[in-house]
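Residues take their numbers from the sequence shown, with the count starting at 1. Just so it is clear, the model here is predicted, and its values are computed rather than measured. Below, all heavy atoms of this structure are taken into account, side chains as well, without hydrogens, waters or symmetry copies.
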Amino acid sequence: MGVRDELLEGRGAIPRLGRVVEVNRAHPPYAMLDATGAEVEPVTAFLRDLALGDSSPLTCRSYGYGMLRWFRLLWLLGTGWERATESEVAVLTGWLRSAANPQRQRHRADAPVAGTVNLRTGKASLCAGYAPRTINHALTVISGFYEFHAHHGRGPVVNPVPHSAQRRRALGHRSPLEPTPVVGRARLRQRVSDRSPRSIPDRLWDELFTAMNCDRDRALLEIFVSSGARAKELLGITVGDIDWSGQRIYVITKGTRAREAVPVSPQGLFRLALYLDAAGTPADGGPLWRARRGPDRPLTYWAMRRVMQRANTLLGTNWSLHDLRHTAAYRMANGGKLTLPEVQTIMRHADIQTTNRYLAVHIEELFDKLAEHYATPRPARHYPAGYAAADIEAVFGA
């Protein structure tokens, strides 16, 4: 069996050569280095074009790692990037489908088996391999790389990543108000299931809130679930972003990077005041959320994620920070006080179809109704008087 066949079956390993590093420039803010530590110029030119197109630094970083994975495969196969074909893309797709994802390694003995469903939350844990969305993203990155170089007259004549002409025609001029049409996938693209957003039921929410052991974490959870802000957005605010009298905060929205107002409940502001009384108010422009131990420094996303992990270990759950945003949207959409366009405005969804997904009924909400349904006795049959029992049995079989 050759190297390509072994990789297709996930039996071979792709050497972890090269790396993505942050560089001291804006266009691009990240660069991909080869095994010798030199920048790979074709990738730098592609990332520079992304940065000039107003992509966020995190997008450049993500695309840089996508290109690093692709070039590691090409280096292993001894194929130049300008001579790559669909055959190499197929090898990468097969490897991603069958290889283990190092980011999914479990180091704790009591960690749940990959892919199993948590019986308390109904959420499945992450699988051991690469998710279909990750594979599709890898193909999108490679396709964009070759489209960029084809525009400048470099690289292969035909993009090695297959595309669906039907999908491009269907989505080219679609209005955001129209439902997404069902079209065929391009070759090598993976089937992605439509997962309903998972909100935290009230009973489990109370348990999670009780598991928070400081004013900072309780304030964060209360504001998360009342504002619907994303984790990165909320963790990045300062004291100047809080409008106490208006009961709102200002966040930098993901995607548009516009500074927008989001509402906060009075209880959330009360918890925030308790936290600031205990920890002290930071200086103007300083981070609002700070680490509790060690030198004074901002609370990072990974530190807050670790707070959730400790609570999950204690409660036997597997909630994530993004589930708090789902919970906020679900409560607003099903509370009976706000219309769907109003919820869309608060959540800052670009498409109202995204907001509409929160109107789905959860199976947990049907338990009481199903229990009542199962306990209801089967209705007895009644026949009008005057009919002989033998005639009723002959006609109705009773």
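When side chains are defined from C-beta on, Trp95 does not count as touching Leu73, because their heavy atoms never get closer than 4.5 Å. Under the 4.5 Å side-chain criterion, counting only non-hydrogen atoms from C-beta, Leu50 is not in contact with Pro28. Lys369 is not listed as a side-chain neighbour of Tyr374, based on a closest heavy-atom distance of 4.5 Å or more. The closest side-chain heavy-atom distance from Trp205 to Leu221 is below 4.5 Å. Inter-residue side-chain proximity for Met332 and Tyr358 is flagged as unmet; no heavy-atom pair is nearer than 4.5 Å. Residues Tyr301 and Met304 have side chains not in contact (no heavy-atom distance under 4.5 Å, counting atoms from C-beta outward). Side-chain atoms of Arg230 and Thr253, non-hydrogen and from C-beta on, do get closer than 4.5 Å to each other. Between Leu288 and Leu272, some side-chain heavy-atom pair lies under the 4.5 Å cut-off.
Side-chain polar atoms of Thr140 and Arg189 form a donor-acceptor pair below 3.5 angstrom. Under the 3.5 Å distance criterion, with hydrogens and angles disregarded, no donor-acceptor pair is assigned to the side chains of Gln190 and Arg133. Side chain to side chain, Thr355 and His349 meet the donor-acceptor criterion of an N or O pair below 3.5 Å. There is no side-chain donor-acceptor pair under 3.5 Å between Asn356 and Thr354. Between the side chains of Thr121 and Asn318, at least one donor N or O lies within less than 3.5 Å of an accepting N or O. A donor and an acceptor atom, one from each side chain of Ser56 and Thr59, are located under 3.5 Å apart. In this model, no donor atom of one side chain and acceptor atom of the other lie less than 3.5 Å apart for Thr317 and Arg120.
For the ring-ring contact (aromatic ring centres under 6.0 Å, His included) criterion with Phe46, the lone passing option out of Tyr30, Phe71, Phe145 is Phe145.
Side-chain N or O atoms of Glu342 include one that pairs as donor or acceptor with a backbone N or O of Thr339 at under 3.5 Å. A donor-acceptor pair is defined here as one N or O able to donate and one able to accept, closer than 3.5 Å; such a pair exists between the side chain of Ser98 and the backbone of Gly94. Side chain of Thr79 to backbone of Trp75: no donor-acceptor contact under 3.5 angstrom is found. In this structure, the side chain of His27 does not engage the main chain of Asp49 through any donor-acceptor pair within 3.5 Å. For the pair Ser125 (side chain) and Thr116 (backbone), a donor-acceptor distance under 3.5 Å is present. A donor-acceptor pair under 3.5 Å links the side-chain atoms of Arg216 to the main chain of Arg290, judged by distance alone. In this structure a side-chain-to-backbone donor-acceptor pair under 3.5 Å is present from Arg325 to Met347. No donor-acceptor pair closer than 3.5 Å links the side chain of Asp241 to the backbone N or O of Ile237. In this structure, the side chain of Arg72 engages the main chain of Leu17 through a donor-acceptor pair within 3.5 Å.
Residue pairs meeting the ring-ring contact (aromatic ring centres under 6.0 Å, His included) criterion with at least one member in residues 216-263: none, sequence neighbours excluded. Counting only residues at least two apart or on different chains, the salt bridge (Lys or Arg N to Asp or Glu O under 4.0 Å) pairs with a member in residues 30-48 are Arg25-Glu39.
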### Message
Pair Asp5, Arg11 - check salt bridge (Lys or Arg N to Asp or Glu O under 4.0 Å), show working.
### Response
CA-CA 9 Å; Asp5 293 333; Arg11 299 172 184 171; over 6 Å; no

### Task
Might you work through the ring-ring contact (aromatic ring centres under 6.0 Å, His included) test for His137 and Tyr63, ending with a clear yes or no?
CA-CA 9 Å; His137 178 264; Tyr63 273 56; 5.7 Å; yes

### Residue pair Ser143, His163: steps toward the side chain to side chain contact (heavy atoms under 4.5 Å, CB included) verdict
CA-CA 9 Å; Ser143 177; His163 72 274; 5.9 Å; no

Give every donor-acceptor pair under 3.5 Å between a side-chain atom in residues 86-93 and any protein atom, sequence neighbours left out.
unit_1: Glu86; atom_1: OE1; unit_2: Arg187; atom_2: NH2; d: 2.6
unit_1: Glu86; atom_1: OE2; unit_2: Arg187; atom_2: NE; d: 3.3
unit_1: Glu86; atom_1: OE2; unit_2: Arg187; atom_2: NH2; d: 3.0
unit_1: Ser87; atom_1: OG; unit_2: Arg4; atom_2: NH1; d: 3.1
unit_1: Glu88; atom_1: OE1; unit_2: Thr85; atom_2: N; d: 2.7
unit_1: Glu88; atom_1: OE1; unit_2: Thr85; atom_2: OG1; d: 2.8
unit_1: Glu88; atom_1: OE2; unit_2: Arg4; atom_2: NH1; d: 3.2
unit_1: Glu88; atom_1: OE2; unit_2: Arg4; atom_2: NH2; d: 2.6
unit_1: Thr93; atom_1: OG1; unit_2: Val89; atom_2: O; d: 2.9

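Aromatic ring orientation, Trp81 versus Tyr146: tilted (interplanar angle from 30° to 60°).
Asp243 has a carboxylate O that lies under 4.0 Å from a charged side-chain N of Arg248, or vice versa, which qualifies the two as a salt bridge. The pair Arg259-Glu233 does not count as a salt bridge, with every side-chain nitrogen at least 4.0 angstrom from each carboxylate oxygen. One finds a salt bridge joining Arg257 and Asp54 here, because a Lys/Arg side-chain nitrogen approaches an Asp/Glu carboxylate oxygen to under 4.0 Å. A salt bridge between Asp202 and Arg331 is present, with a side-chain N of the basic residue lying under 4.0 Å from a carboxylate O of the acidic one.
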